[in-house]
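Just below is one structure, and these are the notes that go with it.
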Amino acid sequence: MQILLIHSDFIEYETKKSTPVAEKIDDDLKKGRMEEVLAVFVAVEKSDEDKPEYAASQTVAEIKKVTEQVKTNRVMLYPYAHLSSSLSSPKTAIETLKKIEELLKEAQFEVKRAPFGWYKSFTIKCKGHPLSELSRTIRIGEEKCVMVLKEKEKEEVVSEALKSEAKATSYWHILTPEGELLKPEEFDFKGHDNLKKFVNYEIHKSRAVDKIPPHVELMRRLELADYEPGSDSGNMRFYPKGRLMKSLIENYVLEETAKMGAMEVETPLMYDMNHPTLKKYLDRFPARQYSIEADKKQLFLRFAACFGQFLMNHDMTISYRNLPLRMVELTRYSFRKEQSGELVGLRRLRAFTMPDMHSLCKDMDEAVEQFNEQYNMCINVLSKIGINLSDFEVAIRFTRDFYEENRDFIVGLVKTVNKPVLIELWDQRFFYFVLKFEFNYIDAMDKASALSTVQIDVENAERYGIKYIDSTGAEKRPFILHCSPSGAIERCIYALLEKANMNSEKGIVPMFPVWLSPTQVRVIPVAGKHMEYAKKVAGELNGRVDIDDREETVGKKIRDAGKEWIPYVAVVGDEEINSGNITVTVRSESLPNKPSNIKMSVGELNERISKEISDFPFKRHPLAVKLTERPRFV
RNA sequence: GCCGUCGUGGCUUAGCUCGGUAAAGCGGCUGAUUCGUAAUCAGCAGAUCAAGGGUUCAAAUCCCUUCGACGGCUCCA
């Protein structure tokens, strides 16, 4: 049995023409309409033929569940053969449909049934809320819901978490730094445009813009990253400049976690799907996996570093003196087989790089304290990457129990960012965590993407058998914090590109932070005879320096340097050779089409650059110093 | 995954309605220019028009299928 449930403002149908298998009907059934209704499209299948009554009763049970969630008692049954490629006989189908109708009527539902075996026209207005479109497969002898992948004729096991999410009821609020907990409709969003967009995105899932994402064009034009047609969708190629930026951010984040005391480890990319512990965890994690078969094993590609680290924790001997114990891994890659329609440029990928840190804490007090410390670290990390407090919106999500016990702490988190945040509250714990936050970047299309996140996990220490010995010698379960200080590195680059594009539209010249700029200084000799001097200057300059040795006009070279968002462009010609200075175009001080030129010494420029990059990792330029020696990637 | 739009040299696009020799700019190469702050001039090379199938005397153009990108839906620890 396949059913598709659509919570609708209305559905109406009209019979057009009978088919050979049509049931005989009275004229009054040739048209039908219901309002505020759950439309149930049904395909009775071959596998139902053994026990049609069982199939009918299971279907009714599913319908009841959904009607309770969407709060209606009106049902329109609509035979819909297209849901299945393995249909039952028409006779069984009609019987089963009638049985469903009968059972629903017994349960006090207001039911109508569209006739079987007719060509019908129908109009339906779907309500469009998160639960308004659901599908179910009902199989005899199986309690579990499974989704059927038609193209593979293979059943995909959908994790329990994916399902439980549909059942979770969320209560949305806005929490202000003053500690006021307001319903979204009570909150005055004036001056909080991005928060409004974020709330709208989270709760109503509605957007009104249709533009192509600017970062997709930029990632190619700047030769950072590109699609790889030879791979699966959502698996990108990174050109030298993109790889450089990724590498710098990766190293930076790792360094910040190391400062906190995190130990860097490395764990496998693929795991046995039938490992008893992992199997249970898969069920609690709402992600779809890539799976591969090797020898006789079913393996899946990791979607985070949790697996490897928890398995490692399981085998470790840990004393209370070792806590909080932090481990970090930079996952290159984490794999998530997101739905194809969801993939966009660098925003949503199927293979991405993510720092994943886990902290074992002795009790909830320590977990909360660590949570707070990591919350602050995340703010700092993002701002150093170039994404400031004003660029992202905060969501804090927790269970009601956690909130009751930690009200002041939650308000404290809001005070830290000093702006209202979105709160999602659950009556029960549907997930493995009791508290989490995310920092969400809001782009020009009003889409929200999570960057940093921390969660307090109360489940996995038990599941993985992770324990520590407390001061009395007793074994105890730690609480585990999951933390990704920056979120996916690719997503950080997406946010930087989108931000730069937004700036550009506001009349601000777009650029990356200097420490992340692939070329930090470009030296431009005015004519061929200045080349030797240009090389000398380049040799004396700090940072990633290159030389535009092409035979182009100065104007053209300046413009091209601008197109690459190079922070400092030093022109050298007769004047500079005579004065010993260089003339520097400073991007951060330039206006569109109005470069800002400052005469300074090489030493002065070095000092300026040092100030901007000294706190960060440094890597040499991956490309040849002379532009004429560089290939083009796009 | 579903619905819709799109896919033409390396890049950006014209041509597609109404079938008949694929056009341009940028980039590349060659030559001239040796140049002072956001595009120097000229020439040359470069395209089985996403892939596969169909209709036709003839397909970039019409039809079908597949793949990919984007938008919407769904989803998003």
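In this text, all values refer to a predicted model and were calculated from it rather than measured experimentally. Atoms considered below: every heavy atom in the structure, side chains included; atoms not considered: hydrogens, waters and symmetry mates. Each chain gets a letter, A, B and so on, in the order its sequence line appears, and its residues count up from 1.
Distance from the side chain of A:Pro213 is smallest for B:C70 among the nucleotides B:A69, B:C70, B:U12. Closest contact between the side chain of A:Ser233 and the listed nucleotides B:C75, B:A69, B:A38 involves B:A69. Checking B:G36, B:C75, B:U37 against the side-chain heavy atoms of A:Asp574 singles out B:G36 as nearest. When each of B:G36, B:G71, B:G28 is scored by its nearest atom to the side-chain atoms of A:Arg632, the top-ranked nucleotide is B:G28.
Counting non-hydrogen atoms under 4.0 angstrom, A:Glu564 reaches nothing in the nucleic acid. Contacts of A:Lys436 with the nucleic acid, taken as non-hydrogen atoms under 4.0 Å apart, involve only primed sugar atoms and P, OP1 or OP2. At a threshold of 4.0 angstrom between heavy atoms, the contacts of A:Arg587 include nucleobase atoms, whether or not backbone atoms are also involved. Among the protein residues, A:Val344 comes within range of the sugar-phosphate backbone only, with heavy atoms under 4.0 Å from sugar or phosphate atoms but none that close to a base. Contact annotation for A:Pro229: no contact, since no heavy-atom pair falls under 4.0 Å across all strands. A:Phe633 comes within 4.0 angstrom of no nucleic acid atom, judged by non-hydrogen atoms across all strands. Base engagement by A:Phe352 is indicated by at least one non-hydrogen atom pair under 4.0 Å involving a base atom. Among the protein residues, A:Ile524 comes within range of no part of the nucleic acid, since none of its heavy atoms lies under 4.0 Å from any strand.
Under the Watson-Crick or G-U wobble criterion, with both distances below 3.5 Å, B:A50 is paired with B:U66. Both distances falling under 3.5 Å, in either a Watson-Crick or a G-U wobble arrangement, place B:G71 opposite B:C3. In this entry B:A39 has no Watson-Crick or G-U wobble partner, no candidate having both defining distances under 3.5 Å. Pairing of B:C44, defined by two Watson-Crick or G-U wobble distances under 3.5 Å, is identified with B:G28. Of all nucleotides present, only B:U13 satisfies the Watson-Crick or G-U wobble test against B:A23, with each distance under 3.5 Å. With a cut-off of 3.5 Å on both Watson-Crick or G-U wobble distances, the partner of B:C76 is given as none. Across all strands shown, B:U61 forms no Watson-Crick or G-U wobble pair with both key distances under 3.5 Å.
Rounded to the nearest Å, the gap between the C1' atom of B:A69 and that of B:A32 is 42 Å. Rounded to whole Å, the C1' atom of B:C29 lies 15 Å from the corresponding atom of B:G9. Annotation: B:C63 and B:G25 have their P atoms spaced 32 Å apart (nearest Å). With both ends at atom C1', the span from B:A39 to B:A51 equals 37 Å, rounded to whole Å. For the P atoms, the distance from B:A23 to B:G46 is 13 Å, rounded to whole Å.
Residues from residues 527-535 of chain A that place a heavy atom under 4.0 Å from any atom of RNA chain B, listed by number: A:Ala527, A:Gly528, A:Lys529.
Remark: the A:Arg347 side chain and the B:C76 base include no donor-acceptor N/O pair separated by less than 3.5 Å.
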Distances under 3.5 Å only, N/O to N/O: pair up the protein atoms with those of nucleotides 40-43 of chain B.
residue	atom	partner	partner atom	Å
B:U40	OP1	A:Thr553	OG1	3.3
B:U40	OP2	A:Thr553	OG1	3.1

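Residues A:Ile558 and A:Val571 form a side-chain contact, since some pair of their non-hydrogen atoms from C-beta on lies under 4.5 Å apart.
Between A:Phe633 and A:Tyr239, the angle of the ring planes lies from 30° to 60°, which puts this pair in the tilted group. Using bins of under 30°, 30° to 60° and over 60° for the plane-to-plane angle, the ring pair A:Phe307/A:Tyr271 lands in the tilted bin. Taking the six-membered ring for Trp and thresholds of 30 and 60 degrees, A:His482 and A:His358 have ring planes more than 60 degrees apart, a perpendicular arrangement. The aromatic rings of A:Tyr78 and A:Phe41 sit tilted relative to each other, their planes meeting at an angle between 30° and 60°. Ring orientation note: the planes of A:Phe512 and A:Trp565 are tilted relative to one another, at an angle of 30° to 60°.
With respect to A:Lys626 and A:Asp548, no salt bridge is recorded, no charged nitrogen being found less than 4.0 Å from a carboxylate O. A:Glu438 and A:Lys436 are joined by a salt bridge, as a carboxylate oxygen and a charged side-chain nitrogen come within less than 4.0 angstrom of each other. Ion pairing between A:Arg237 and A:Glu223 fails under the 4.0 Å rule for side-chain N and carboxylate O.
Along RNA chain B, the nucleotide closest to A:Ile558 and the one closest to A:Arg348 are compared, and the more 5′ of them pairs with A:Ile558. Comparing A:Val634 and A:Lys599 by the nucleotide of RNA chain B that holds the closest heavy atom to each, the one mapping nearer the 5' end is A:Val634.
Of the possible donor and acceptor atoms, none in the side chain of A:Glu338 sits under 3.5 Å from a partner among the backbone N and O of A:Leu343. Between the side chain of A:Arg302 and the main chain of A:Tyr333, a donor-acceptor pair closer than 3.5 Å is present.
At least one side-chain nitrogen or oxygen of A:Ser340 sits closer than 4.0 Å to the OP1 or OP2 atom of B:G1. Here A:Lys563 does not reach the OP1 or OP2 of B:G27: none of its side-chain N or O atoms lies under 4.0 Å away. Taking side-chain N and O atoms only, A:Tyr227 has a distance below 4.0 Å to OP1 or OP2 of B:C70.
For A:Phe335 and A:Phe303, the ring centers are positioned 6.0 Å apart or more.
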